[in-house]
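What follows is a short report on a single structure.
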Amino acid sequence: MTKQYEGKAKVIFSTDDPMVLLTYFKDDATAYNAMKRGNIPGKGEMNCTISSHLFQYLQLNGIANHFIAQPSKREMRVQALRILPLEVVVRNIAAGSLCSQTGIEPGTNLPYPLVEFYYKRDDLGDPLLTLDRLQLLNLATSEQVNYLKSNALHINQLLGDFFGSCGLTLVDFKLEFGLNHEQQLLLGDEISPDTCRLWDQGETDADKRILDKDRFRKDLGSVLEAYEEVLTRVKTQCLRLLPVQSQSDITSG
Ligand code: ADP
Ligand code: MG
């Protein structure tokens with residue numbers, strides 16, 4: 001296996017099949033455009049296993065994605081994609097940059113889910129895109145933009161229901177999409193507490209309820225414990241929902 005690319009959270013390896021990649025989930029944590037860096041031992045295993053479960057759940061519900069199997073606790077076999085340089089963000093409750101850029105009070109329930117596109121360019125600080133800029137930069141066709149938006153809203157519905165049944169509120173999340181060898185646009189990357197804001201519905205305290213990367217961003221402590229809690233709930237719910245065959249594609253980790 002040859003290392004193809006090392007990002008902030010994962011290493012991508014090629015395999016003997018050019019259509020298949022292996023993603024290795026690291027324990028490295030970054031925030032605020034990598035201005036803040038840390039290492040959370042065990043995070044990679046949590047994120048890989050949470051992502052694998054969620055990708056399986058989404059596949060079962062008709063959302064095409066890159067997941068093939070989880071051969072070990074930190075590794076996921078995926079379809080090789082040409083990732084669009086876009087971060088598709090869906091927001092249900094105001095948090096993070098939406099608040100700092102608009103003045104909306106953190107924690108405000110949005111009247112409808114907001115879909116936003118950000119330019120995946122670390123050197124530019126991943127800026128918010130307008131539809132006109134997206135077109136100007138040729139980042140996606142208008143047909144792709146429409147598909148990404150409706151697919152992201154469908155995923156929001158499915159993940160919101162799933163996390164709701166785990167006693168978790170899906171505040172917002174980030175998705176990445178890419179084209180496979182058949183030029184099919186698929187959901188890729190990861191879905192984990194690094195990329196979703198999740199609040200424990202059983203907790204009213206604004207800091208205690210946070211079970212995602214905001215614990216690292218805001219130095220709230222117990223980061224791994226929060227990720228472990230999410231994993232436990234996601235696993236329990238998947239045992240109820242996923243057929244036995246798909247469960248065997250996920251490691252016992
Ligand atoms: P980043 O530092 O950009 O957040 P990560 O460490 O999270 O990167 O992931 C490594 C890279 O893998 C990212 O550029 C991501 O877009 C890419 N990637 C995710 N899934 C796939 C896939 N199925 N095929 C190719 N690249 C992928
Ligand atoms: Mg990433």
Side-chain angles (χ1 to χ4, degrees), residues 1-40 43-56 58-59 63-71 73-90 96-97 116-127 129 139-140 144 148 151-152 155 172-198 212-214 216-217 223 227 249:
M1 277 189 321
T2 319
K3 188 169 162 177
Q4 277 214 330
Y5 178 77
E6 177 158 3
K8 297 186 293 293
K10 300 183 288 295
V11 187
I12 307 288
F13 294 95
S14 53
T15 67
D16 45 19
D17 182 343
M19 290 181 304
V20 175
L21 296 174
L22 195 82
T23 59
Y24 175 92
F25 285 66
K26 303 191 287 181
D27 289 336
D28 296 346
T30 61
Y32 307 117
N33 196 27
M35 301 268 281
K36 183 180 169 82
R37 288 172 182 274
N39 188 273
I40 302 156
K43 179 179 80 90
E45 291 182 14
M46 300 297 139
N47 281 355
C48 185
T49 310
I50 292 167
S51 287
S52 296
H53 280 85
L54 294 174
F55 280 133
Q56 290 268 59
L58 290 176
Q59 274 177 2
I63 302 292
N65 64 66
H66 70 163
F67 179 83
I68 299 171
Q70 187 190 3
K73 288 181 177 180
R74 282 179 189 273
E75 293 169 315
M76 198 189 285
R77 277 173 73 79
V78 298
Q79 285 192 51
L81 302 180
R82 192 158 54 77
I83 297 281
L84 302 181
L86 291 176
E87 299 196 336
V88 183
V89 172
V90 184
S97 65
E116 299 178 321
F117 295 91
Y118 291 81
Y119 193 10
K120 193 172 155 53
R121 280 279 300 263
D122 283 342
D123 58 331
L124 300 177
D126 296 334
L129 286 165
L139 297 177
Q144 286 173 334
L148 291 173
N151 202 235
I155 293 168
D172 59 31
F173 59 97
K174 182 266 297 181
L175 302 171
E176 292 183 24
F177 292 84
L179 295 165
N180 70 3
H181 66 287
E182 290 173 319
Q183 302 307 305
Q184 244 188 317
L185 194 49
L186 296 187
L187 173 64
D189 203 48
E190 65 177 274
I191 307 173
S192 72
D194 271 11
T195 63
C196 303
R197 284 194 172 89
L198 297 166
D212 56 65
K213 198 163 90 172
D214 273 349
F216 169 73
R217 287 192 189 94
V223 183
Y227 283 44
D249 292 338

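Since this is a predicted model, take the numbers as computed values, not measurements. Side chains included, hydrogens not; waters and symmetry mates left out as well; all remaining heavy atoms used. Counting starts at 1 for both ligands and their atoms, in listed order.
The main-chain N or O of Gly178 is never found under 3.5 Å from a side-chain atom of Arg82 such that the two would form a donor-acceptor pair. In terms of modelled atom types and a separation under 3.5 Å, the side chain of Asp212 and the main chain of Thr195 share no donor-acceptor contact. Remark: side-chain polar atoms of Asn33 are not paired, donor with acceptor, to backbone N or O of Met35 under 3.5 angstrom. Here the side chain of Gln70 pairs a donor or acceptor atom with the backbone of Lys73 at under 3.5 angstrom.
Listed by chain and number, the residues in a ring pair (Phe, Tyr, Trp, His ring centres under 6.0 Å) with Phe55 are His66 (sequence neighbours excluded). The salt bridge (Lys or Arg N to Asp or Glu O under 4.0 Å) check on Arg121 picks up Asp123, with sequence neighbours excluded.
Both the backbone and the side chain of Leu81 come within 4.0 Å of ligand 1, counting heavy atoms alone. Neither the backbone nor the side chain of Glu6 comes within contact range of ligand 1; no heavy atom lies under 4.0 Å. Using a 4.0 Å cut-off between heavy atoms, His66 contacts ligand 1 through its side chain alone, with no backbone atom that close. Heavy atoms of Glu176 found under 4.0 angstrom from ligand 1 belong exclusively to the side chain. In Val78, the part holding a heavy atom less than 4.0 Å from any atom of ligand 1 is the side chain. Neither the backbone nor the side chain of Val11 comes within 4.0 Å of ligand 1, counting heavy atoms alone.
Compare Ile83, Asp122, Leu86 by their heavy atoms: the one nearest to atom 18 (N) of ligand 1 is in Ile83.
No cation-pi contact links Lys43 to Tyr227, judged by a cut-off of 6.0 Å to the six-membered ring centre and 45° from its axis.
Within the 4.0 Å heavy-atom shell around ligand 1 one finds Lys120.
Below 3.5 Å of separation, one finds an N or O of Ala9 facing an N or O of ligand 1. On a distance-only criterion, Thr23 and ligand 1 share no N/O pair closer than 3.5 Å. Taking any N or O of Asp189, backbone or side chain, at least one lies under 3.5 Å from an N or O belonging to ligand 1.
The Ile12 neighbourhood of ligand 1 comprises atoms 12 (O), with distances under 4.0 Å to a heavy atom of that residue. In the vicinity of Gln79, heavy-atom distances shorter than 4.0 Å reach the ligand 1 atoms 22 (C), 23 (N), 24 (N). Atoms of ligand 1 found under 4.0 Å from any heavy atom of Leu21 (numbered from 1 in listed order, with element): 24 (N), 25 (C). Numbered from 1 in the order shown, with element, the atoms of ligand 1 that lie under 4.0 Å from a heavy atom of Lys10 read 5 (P), 6 (O), 7 (O), 9 (O).
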Could you go through Ile191 and Cys196, starting from their C-alpha distance and side-chain angles, then the distance that decides it, and tell me whether this counts as side-chain contact (heavy atoms from CB on, under 4.5 Å)? CA-CA 7 Å; Ile191 307 173; Cys196 303; 3.7 Å; yes
Does the salt bridge (Lys or Arg N to Asp or Glu O under 4.0 Å) test come out yes or no for Glu176 and Lys174, once each step is laid out? CA-CA 7 Å; Glu176 292 183 24; Lys174 182 266 297 181; 2.8 Å; yes
So Ile155 and Phe173, side-chain contact (heavy atoms from CB on, under 4.5 Å) or not? Walk me through it. CA-CA 10 Å; Ile155 293 168; Phe173 59 97; 4.1 Å; yes
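For the salt bridge (charged side-chain N to carboxylate O under 4.0 Å, His left out) criterion with Glu190, the lone passing option out of Lys10, Arg74, Lys8 is Lys10.
Annotation: atom 14 (O) of ligand 1 to nearest protein heavy atom, Tyr5 CE2, 3.7 Å. The shortest contact between atom 1 (P) of ligand 1 and any protein heavy atom is with Lys8 NZ, 3.5 Å.
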